[in-house]
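The structure under discussion appears below in the form of structure tokens.
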Amino acid sequence: MIKIPAIDLIDGACVRLYRGDYARQTTYTLNPVEQALRFQSAGFRRIHVIDLEGARDGSGKNRHAIHEVIAACRGPVQIGGGIRTDDDVAELVDWGARYLILGTVAVQEPVVVDRWVARWGGDRFIVSLDLRQGALQTHGWTAGSEITVAALVERIRQWGMKEMISTDVDRDGTLERPNYGTYQRLIELGHGEVGVIAAGGVSRPEHIRQLAHQGVDGVVIGRALYEGDFTWEDMLRAG
């Protein structure tokens, strides 16, 4: 199982939100490049970077910071938040982003994703299923959607993507436990064709071990690495 540390960006700074609430933000002192290099030096093999403002309104305000993180890191970086246009994708690919995380566009504009997959390949992209009480969210967790989880997973399979990320928004930034039932359902819906990466509430080594036992392929860890009760080594060695 791969453990992926999260760097969430607002105004170029590393932050965490509580349950997806932009009004409940914690800002951390290290800049994104310093934070990414610390994670990399500790042994994390992939870095997860999300432009929260881009996810909410498509502004791309944090692209400069994202560019610097990609340039500084030796290993793969996955980028999400505000990827809405062909130019967004082309720019991030040109900078060296290994994976692009799609949220709102995958839900609302699947024909656009069809075009991207045809040009860049399905394994370049990861769809993020952001769930609040089991319902899909878009625009940085601020709006709901009528598409079902099962229908979106079927799209992911048809696009030939190898991974999907799911964040339980109500658990995100809480240091509570993950919603194990959500990830079990996604594993079943993926039919062994799409790996599942769990996010939201992953804060203890036993959470990682349980998810690994279920067959989850990876975890995104956020607040627990910034202020949790366990060392980074504890988290890396779990699962």
Side-chain angles (χ1 to χ4, degrees), residues 1-52 55 62 65 69 72-73 75-81 101 126 128-132 140-141 163 165-184 186 196-239:
M1 172 189 276
I2 188 168
K3 295 90 178 180
I4 310 170
I7 296 174
D8 289 351
L9 298 174
I10 288 180
D11 288 332
C14 299
V15 307
R16 298 301 299 167
L17 304 183
Y18 184 81
R19 292 179 171 167
D21 186 346
Y22 285 75
R24 302 179 72 180
Q25 170 186 322
T26 301
T27 303
Y28 298 98
T29 55
L30 289 182
N31 71 43
V33 172
E34 292 172 329
Q35 191 65 66
L37 292 176
R38 285 191 65 202
F39 284 143
Q40 186 174 262
S41 296
F44 291 99
R45 295 184 286 117
R46 190 193 301 186
I47 306 295
H48 174 91
V49 182
I50 300 296
D51 180 348
L52 289 175
N62 293 286
V69 170
C73 288
V77 180
Q78 58 190 44
I79 303 296
I101 301 169
I126 301 171
S128 181
L129 297 94
D130 301 319
L131 305 174
R132 195 186 295 274
W141 308 338
E163 296 176 335
I165 292 174
S166 182
T167 301
D168 187 317
V169 179
D170 291 322
R171 309 284 178 118
D172 195 65
T174 65
L175 298 179
E176 296 175 2
R177 67 177 182 84
N179 188 333
Y180 298 114
T182 292
Y183 305 115
Q184 189 62 49
L186 289 173
V196 174
I197 298 175
V202 181
S203 55
R204 305 174 69 87
E206 54 262 39
H207 298 162
I208 298 172
R209 286 191 287 270
Q210 174 61 31
L211 290 165
H213 178 72
Q214 289 182 226
V216 170
D217 295 272
V219 291
V220 173
I221 313 170
R223 184 178 171 191
L225 298 179
Y226 293 85
E227 52 184 275
D229 295 330
F230 295 88
T231 68
W232 294 1
E233 184 178 7
D234 291 333
M235 306 301 263
L236 279 165
R237 292 173 61 184

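Keep in mind the model is a prediction, meaning the values are calculated, not measured.
A donor-acceptor pair under 3.5 Å links the side-chain atoms of N31 to the main chain of V33, judged by distance alone. A distance-only check finds no donor-acceptor pair linking the side chain of D168 to the backbone of N179 [under 3.5 Å]. The backbone N or O of L236 lies less than 3.5 Å from a partner atom in the side chain of K3, making a donor-acceptor pair. Judged by distance alone, the side chain of H213 and the main-chain N or O of R209 form no donor-acceptor pair under 3.5 Å. In this structure, the side chain of D217 engages the main chain of V196 through a donor-acceptor pair within 3.5 Å. Between the side chain of Y18 and the backbone N or O of T26, no donor-acceptor pair lies under 3.5 Å. Judged by distance alone, with hydrogens and angles left aside, the side-chain atoms of S166 form a donor-acceptor pair with the main-chain N or O of L129 at under 3.5 Å.
Between R38 and E34, none of the side-chain N atoms (NZ, or NE/NH1/NH2) sits under 4.0 Å from a carboxylate O, so this pair counts as no salt bridge. Salt-bridge formation is detected for the pair E163/R46: a Lys NZ or Arg NE/NH1/NH2 atom is positioned less than 4.0 Å from an Asp or Glu carboxylate oxygen.
Residues meeting the salt bridge (charged side-chain N to carboxylate O under 4.0 Å, His left out) test with R45, sequence neighbours left out: none. Every residue two or more places apart in sequence or in another chain was checked for a side chain to side chain donor-acceptor pair (under 3.5 Å) with Q35, and none qualifies. Among residues two or more places apart in sequence or in another chain, the side-chain contact (heavy atoms from CB on, under 4.5 Å) test is passed with A42 by F44, W232. Under the side chain to side chain donor-acceptor pair (under 3.5 Å) criterion, T27 pairs with Q25, sequence neighbours left out. With sequence neighbours excluded, the residues satisfying ring-ring contact (aromatic ring centres under 6.0 Å, His included) with Y28 are Y226. Residues satisfying the salt bridge (charged side-chain N to carboxylate O under 4.0 Å, His left out) criterion with D234, sequence neighbours excluded, are absent altogether.
Shown here for S203 and A224, the closest heavy-atom pair between the two residues is CA-CB, 3.5 Å. Taking every heavy atom of both residues into account, Y183 and G200 meet most closely at OH-O, 4.3 Å. Scanning all heavy atoms of the two residues, the minimum distance from M1 to V216 falls at CE-O, 3.3 Å. Residues M235 and R204 share a closest heavy-atom pair of CE-N, 3.7 Å. Shown here for P205 and A238, the closest heavy-atom pair between the two residues is O-CB, 3.6 Å. Of all non-hydrogen atoms in H207 and P178, the two that sit nearest each other are CG-CD, 3.5 Å.
Separating the OH atom in Y180 from the CG atom in L211 is a distance of 5.5 Å, to the nearest 0.5 Å. Expressed to the nearest 0.5 Å, how far CZ of R24 lies from CG of L17 amounts to 10.5 Å. The line from CG of D11 to CG of L52 is 10.5 Å long, rounded to the nearest 0.5 Å. Atom CZ of R237 is separated from atom CD of E233 by 5.0 Å, given to the nearest 0.5 angstrom. Rounded to the nearest 0.5 angstrom, I50 CD1 and I79 CD1 are separated by 7.5 Å. Atom-to-atom distance recorded for I197:CD1 and I101:CD1 is 7.5 Å, nearest 0.5 angstrom.
Looking only at side-chain heavy atoms (C-beta outward), F39 and I7 come within less than 4.5 Å of each other. Side-chain contact between I221 and I208 is present, with at least one heavy-atom pair separated by less than 4.5 Å. The side-chain heavy atoms of V77 and V49, taken from C-beta on, include a pair separated by under 4.5 Å. T167 has its side chain out of reach of L131: every pair of non-hydrogen atoms, C-beta onward, lies at least 4.5 Å apart.
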